[in-house]
Peer 1: 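Provided herewith is a single structure, encoded as structure tokens, for subsequent inquiry.
What you see below is based on every heavy atom in this structure, not just the backbone, and it leaves out hydrogens, waters and symmetry mates. Naming: A, B, ... by sequence-line order, numbering from 1 per chain.
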Amino acid sequence: MKKFYVTTPIYYINSEPHIGSAYSTIIADVIARYRRLSGYEVFFLTGTDEHGQKVLNEALARNIDAQKYCDIMADKFRKLWNELELTNDGFVRTTDENHMRTVQQFVTRLRENGDIYKGRYEGWYCIPDETFWNEEDLKEGKTCPECGREVKWVSEENYFFRLSKYTDRLLKLYKGNPEFVQPDFRRNEMLRILESGLKDLSITRTSFSWGVPMPDDPEHVIYVWVDALINYLSAIGFPDDKETFERFWPADVHLIGKEINRFHSIIWPAMLISAGIPLPKQIYAHGWLTVNGQKISKSLGNAVSPMAFVNVYGNDALRYYLLRDIQFGRDGDFSEDNLIGRINADLANDLGNLLHRTVVMIQKFNNGLVPEMGIEDPIDDTLRELAERTFSTYTESMDHLKFTQALEGIWELIRFGNKYIDLTEPWKLGKNLENKERLDSVLHNLVRVLKNV
RNA sequence: UGCGGGGUGGAGCAGUCUGGUAGCUCGUUGGGCUCAUAACCCAAAGGUCACAGGUUCAAAUCCUGUCCCCGCUACCA
């Protein structure tokens with residue numbers, strides 16, 4: 001049996017899940033369900049990223065223990081995925097004991113391969129923003145270009161990963177596997193970064209302790225990103241459960257948001273090469289959702305919970321809308337008006353009506369039983385051919401994550417279904433017993449179409 | 001500053017790589033039909049494809065320049 005391993009980003013739990021996190025996860029669920037239907041053994045992974053300064057701050061602000069805070073937040077994510085009826089096979093938390101052990105083992109491997117060294121990380125640091133800045137980016141009087149507050153020169157002893165060593169190998173990887181990073185324009189962005197050369201990456205911090213301790217040097221905690229990326233391995237048993245790990249690794253697709261592409265498309269493969277582990281087959285970076293044209297943000301208060309929509313319109317309607325209306329890969333706008341438009345026009349008027357017409361006529365003309373095929377007509381062939389074409393383009397589209405096209409194709413068939421009824425006029429056929437066999441075929445064909453849709 | 005995305009009938013988009021009658025959904029208008037949902041089916045109106053040059057027998061599509069909108073520029077899906 002063929003396998004398929006799909007992952008979502010693990011969500012950083014310094015804030016509650018919103019429509020954006022739900023979008024990524026719903027897409028992954030759609031991929032997982034599609035592959036299961038196609039006969040694959042699927043592992044669909046999602047989870048939460050729980051270490052780092054920001055999480056610690058959130059916990060402190062609430063005056064609760066960091067682990068306790070994480071437990072509460074992780075539950076919110078888990079609960080939401082349940083309510084959205086997502087079919088994830090795993091839910092990894094970076095505070096899981098086995099995950100933390102895996103991280104340490106992984107980092108040990110890198111060290112054994114000579115890719116970790118101790119160095120000094122220095123720079124201008126904006127404490128409230130937690131950001132390092134280059135000297136030339138600073139504003140007048142050494143202030144932060146982002147928030148205008150004063151920056152501080154900090155110097156910290158850290159461990160570094162020899163990322164620079166992997167520039168050429170990554171370039172070669174990109175050249176040899178054009179599908180490795182998708183969509184194309186995202187791959188090109190990464191290529192340009194590679195071409196400009198990579199700097200070594202500081203992979204530990206000493207300013208706080210909420211993280212995975214560095215093996216043999218617990219004063220240092222491992223940088224959250226290094227910690228987080230390894231979830232894709234730890235969740236399927238690396239390195240102890242060899243059988244499960246080897247069954248599913250390498251990942252078939254890491255589904256991510258565009259803002260974390262660099263970590264997945266450059267740092268992650270470099271880490272894996274260093275550790276001697278095969279690379280994932282594809283990184284797919286999707287776009288961002290705006291809400292009614294505005295960026296999702298806490299301060300605007302538009303970070304609405306997806307449940308607000310699910311409760312009113314239902315899970316399937318929300319999914320349909322997200323896949324149909326938002327070109328996958330690009331940024332898109334989420335608007336309730338458009339959602340309603342899709343529900344009315346596509347789900348109710350086209351699909352709903354077709355189903356309703358078919359069912360009512362079967363009740364009326366055939367006592368509610370689906371008839372066998374009777375007399376055929378050339379129009380039946382047209383319907384059949386369109387159906388066949390639809391299912392093959394559907395498969396083709398879904399394999400390449402072109403959800404909008406896949407759905408457009410299906411709706412072409414649905415619309416033709418409605419037209420087919422008008423052309424064959426079954427309500428007229430029903431008035432005369434002589435036409436019974438022709439009527440049977442019409443109704444039979446309609447049921448077939450609906451069943452497959 | 002740099003990089004990226006976009007500018008196509010009222011709205012949202014496809015088409016641009018591989019030049020050759022401008023397409024889809026929604027909306028609008030008129031008609032048809034009754035199995036059905038203010039539904040469905042048919043038809044029509046509506047676009048100098050941001051702007052200006054250029055290449056070509058022919059450009060939304062290739063080249064040059066300009067304008068406008070949006071995003072990113074390192075740890076926020």
Peer 1: Among C40(B), C35(B), C76(B), find the nucleotide with the atom closest to the side chain of Y12(A).
Peer 2: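 Taking heavy atoms from C-beta onward, the closest nucleotide is C76(B).
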Peer 1: Take K419(A) and L347(A), find for each the nucleotide of RNA chain B with the closest heavy atom, and name the residue whose nucleotide sits nearer the 5' end.
Peer 2: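 Taking each residue's closest nucleotide, the earlier one in sequence belongs to L347(A).
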Peer 1: Which of the following nucleotides, C41(B), C75(B), A77(B), is nearest to the side chain of E259(A)?
Peer 2: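 Between C41(B), C75(B), A77(B), the one nearest the side chain of E259(A) would be A77(B).
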Peer 1: Using every non-hydrogen atom in the two residues, find where S24(A) and T8(A) come nearest and quote the distance to one decimal.
Peer 2: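 That would be O-CG2, 4.3 Å.
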Peer 1: Which whole number of Å gives the distance between the P atom of U21(B) and that of G27(B)?
Peer 2: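 Looking at atom P only, U21(B) and G27(B) are 30 Å apart.
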Peer 1: Expressed as a whole number of Å, how far does the P atom of G32(B) sit from that of C13(B)?
Peer 2: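 My reading of the P atoms in G32(B) and C13(B) gives 36 Å.
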Peer 1: Which ring pair (Phe, Tyr, Trp, His ring centres under 6.0 Å) pairs, counting each pair once, include a residue from residues 399-418 of chain A, with sequence neighbours left out?
Peer 2: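 Applying ring pair (Phe, Tyr, Trp, His ring centres under 6.0 Å) to every pair that reaches into residues 399-418 of chain A, excluding sequence neighbours, yields Y320(A)-W411(A), F328(A)-F403(A).
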Peer 1: Taking the six-membered ring for Trp, are the ring centroids of Y11(A) and W81(A) within less than 6.0 Å of each other?
Peer 2: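 Ring centroids of Y11(A) and W81(A) are less than 6.0 Å from each other.
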Peer 1: May I ask you to establish whether R62(A) and Y69(A) are in a cation-pi arrangement, using a distance under 6.0 Å from NZ or CZ to the six-membered ring centre and at most 45° from the ring axis?
Peer 2: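 Geometry flag: not set, cation outside 6.0 Å or 45°.
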Peer 1: Show which side-chain atoms of residues 360-372 of chain A pair as donor or acceptor with protein atoms under 3.5 Å away, not counting sequence neighbours.
Peer 2:
from, atom 1, to, atom 2, distance (Å)
N366(A), OD1, K436(A), NZ, 3.1
N366(A), ND2, L369(A), O, 2.7

Peer 1: Once you round it to whole Å, what is the distance between C1' of A14(B) and CD1 of I326(A)?
Peer 2: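 Rounded to the whole Å, the gap is 17 Å.
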Peer 1: Can you tell me, in whole Å, how much space there is between the C1' of G7(B) and that of U16(B)?
Peer 2: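 14 Å, rounded to whole Å.
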Peer 1: For G352(A), report the nucleic acid contact type (base, sugar-phosphate, nothing); a contact means any heavy atom under 4.0 Å.
Peer 2: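 Base, at least one base atom sits under 4.0 Å.
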Peer 1: When you compare G53(B) with G15(B), how far apart are their C1' atoms, in angstrom units rounded to a whole number?
Peer 2: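 The answer is 25 Å between these two C1' atoms.
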Peer 1: Of the options C35(B), C13(B), A77(B), whose atoms approach the side-chain atoms of I421(A) most closely?
Peer 2: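 Taking heavy atoms from C-beta onward, the closest nucleotide is C35(B).
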Peer 1: Rounded to the nearest Å, what distance is computed from the NZ atom of residue K199(A) to the C1' atom of nucleotide C75(B)?
Peer 2: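 Checked: the NZ to C1' distance equals 14 Å.
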Peer 1: Say you pick atom C1' in C76(B) and the same atom in A11(B); how far apart are they, in whole Å?
Peer 2: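 Straight-line distance between the two C1' atoms is 31 Å.
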Peer 1: Under 5.5 Å between ring centres and under 30° between planes: does that hold for W288(A) against the base of A77(B)?
Peer 2: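 Given the distance and angle limits, yes, they stack.
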Peer 1: Taking any heavy-atom pair under 4.0 Å as a contact, classify Y23(A): base, sugar-phosphate, or nothing.
Peer 2: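 Touches nothing.
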Peer 1: Using whole Å, report how far CG of D422(A) lies from C1' of G31(B).
Peer 2: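 From D422(A) CG to G31(B) C1': 14 Å.
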Peer 1: Distance check: side-chain N/O of K54(A) vs OP1/OP2 of C76(B), anything under 4.0 Å?
Peer 2: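 Answer is yes, contact under 4.0 Å.
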Peer 1: Let me know the distance between CD of Q363(A) and P of A36(B), rounded to the nearest Å.
Peer 2: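 Taking atom P of A36(B) as the reference, CD of Q363(A) is at 11 Å.
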Peer 1: Expressed as a whole number of Å, how far does the P atom of C63(B) sit from that of U55(B)?
Peer 2: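 The answer is 15 Å between these two P atoms.
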Peer 1: Which listed nucleotide (A36(B), G71(B), U25(B)) is nearest to the side chain of K258(A)?
Peer 2: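 Nearest listed nucleotide: G71(B).
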Peer 1: Indicate, with a heavy-atom threshold strictly under 4.0 Å, whether N418(A) touches base, sugar-phosphate, or nothing.
Peer 2: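 Sugar-phosphate: the residue N418(A), judged by heavy atoms under 4.0 Å, touches backbone atoms but no base.
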Peer 1: I need the CD1-C1' distance between I193(A) and C72(B), as an integer number of Å.
Peer 2: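 The distance from CD1 of I193(A) to C1' of C72(B) comes to 10 Å, rounded to the nearest Å.
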Peer 1: What is the distance, rounded to the nearest whole Å, between atom CD of E16(A) and atom P of C76(B)?
Peer 2: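 My rounded result for the distance is 17 Å.
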Peer 1: Regarding C75(B), can its base be found pairing with the side chain of Y223(A) as donor and acceptor, where the two atoms are less than 3.5 Å apart?
Peer 2: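 Answer yes: a donor N or O sits under 3.5 Å from an acceptor.
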Peer 1: Checking contacts here: which listed nucleotide (C35(B), A77(B), C41(B)) is nearest the side-chain heavy atoms of S24(A)?
Peer 2: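 Ranking C35(B), A77(B), C41(B) by closest atom to the S24(A) side chain puts A77(B) first.
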Peer 1: Within this structure, what is the CG-to-P distance between L194(A) and A74(B), rounded to whole angstrom?
Peer 2: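 Checked: the CG to P distance equals 18 Å.
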Peer 1: Say you pick atom P in U25(B) and the same atom in C41(B); how far apart are they, in whole Å?
Peer 2: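 About 10 Å, rounded to a whole number of Å.
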Peer 1: Assuming nearest nucleotide by heavy-atom distance, tell me which of S21(A) and N353(A) is located more 5' along RNA chain B.
Peer 2: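 First, find each residue's nearest nucleotide; the 5'-ward one identifies N353(A).
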Peer 1: Contact class for R186(A) vs. all strands (heavy atom < 4.0 Å): base, sugar-phosphate, or nothing?
Peer 2: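 Result for R186(A) = nothing.
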Peer 1: Assess whether atom NZ of K165(A) is packed by more than 12 heavy atoms of other residues, nucleotides or ligands within 6.0 Å.
Peer 2: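 Count over threshold, so yes.
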Peer 1: Answer with yes or no whether the side chains of Y117(A) and D200(A) bring together a donor and an acceptor at under 3.5 Å.
Peer 2: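 Short answer, yes.
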Peer 1: Over 60° means perpendicular and under 30° means parallel, so tell me whether Y321(A) and F334(A) are parallel, tilted or perpendicular.
Peer 2: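 Y321(A) and F334(A): perpendicular rings.
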Peer 1: Look at the side chain of H356(A) and decide which nucleotide, out of A36(B), A14(B), C75(B), has an atom nearest to it.
Peer 2: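 That would be A36(B).
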Peer 1: With no hydrogens and no angle check, do the side chains of H254(A) and T7(A) hold a donor and an acceptor under 3.5 Å apart?
Peer 2: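 Yes.
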Peer 1: Base, sugar-phosphate alone, or nothing: which one does P426(A) contact when heavy atoms must sit under 4.0 Å apart?
Peer 2: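 Nothing: the residue P426(A), judged by heavy atoms under 4.0 Å, touches no strand.
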Peer 1: Roughly how far apart, to the nearest Å, are U34(B) and A44(B) at atom C1'?
Peer 2: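 These two C1' atoms come out 24 Å apart once rounded.
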Peer 1: If I take atom CZ in residue R324(A) and atom P in nucleotide C24(B), what distance separates them, rounded to the nearest angstrom?
Peer 2: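 Between P of C24(B) and CZ of R324(A): 14 Å.
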Peer 1: Base, sugar-phosphate or nothing for D350(A)? Non-hydrogen atoms, less than 4.0 Å.
Peer 2: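 Here D350(A) touches the backbone only, sparing every base.
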Peer 1: Using a heavy-atom cut-off of under 4.0 Å over every strand shown, decide if F365(A) touches base, sugar-phosphate, or nothing.
Peer 2: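 Nothing, no nucleic acid heavy atom in range.
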Peer 1: Do N88(A) and T46(A) have side-chain N/O donor and acceptor atoms under 3.5 Å apart?
Peer 2: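 Distance-only check fails for N88(A) and T46(A).
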Peer 1: Classify I260(A) by what it touches in the nucleic acid, base, sugar-phosphate, or nothing, heavy-atom distance under 4.0 Å.
Peer 2: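 Result for I260(A) = sugar-phosphate.
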Peer 1: Taking Watson-Crick (N1-N3 plus N6-O4 or O6-N4) and G-U wobble (N1-O2, O6-N3), each under 3.5 Å, can you produce the dot-bracket string of RNA chain B? Use [ ] for crossing pairs and | for inter-strand ones.
Peer 2: .(((((((.[[[[.)....(..]]]].(((((.......))))).....[[[[[..)....]]]]])))))).....
Peer 1: Considering only U25(B), C40(B), A36(B), which nucleotide approaches the side chain of R342(A) most closely?
Peer 2: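 Of all the options, the side chain of R342(A) is nearest to U25(B).
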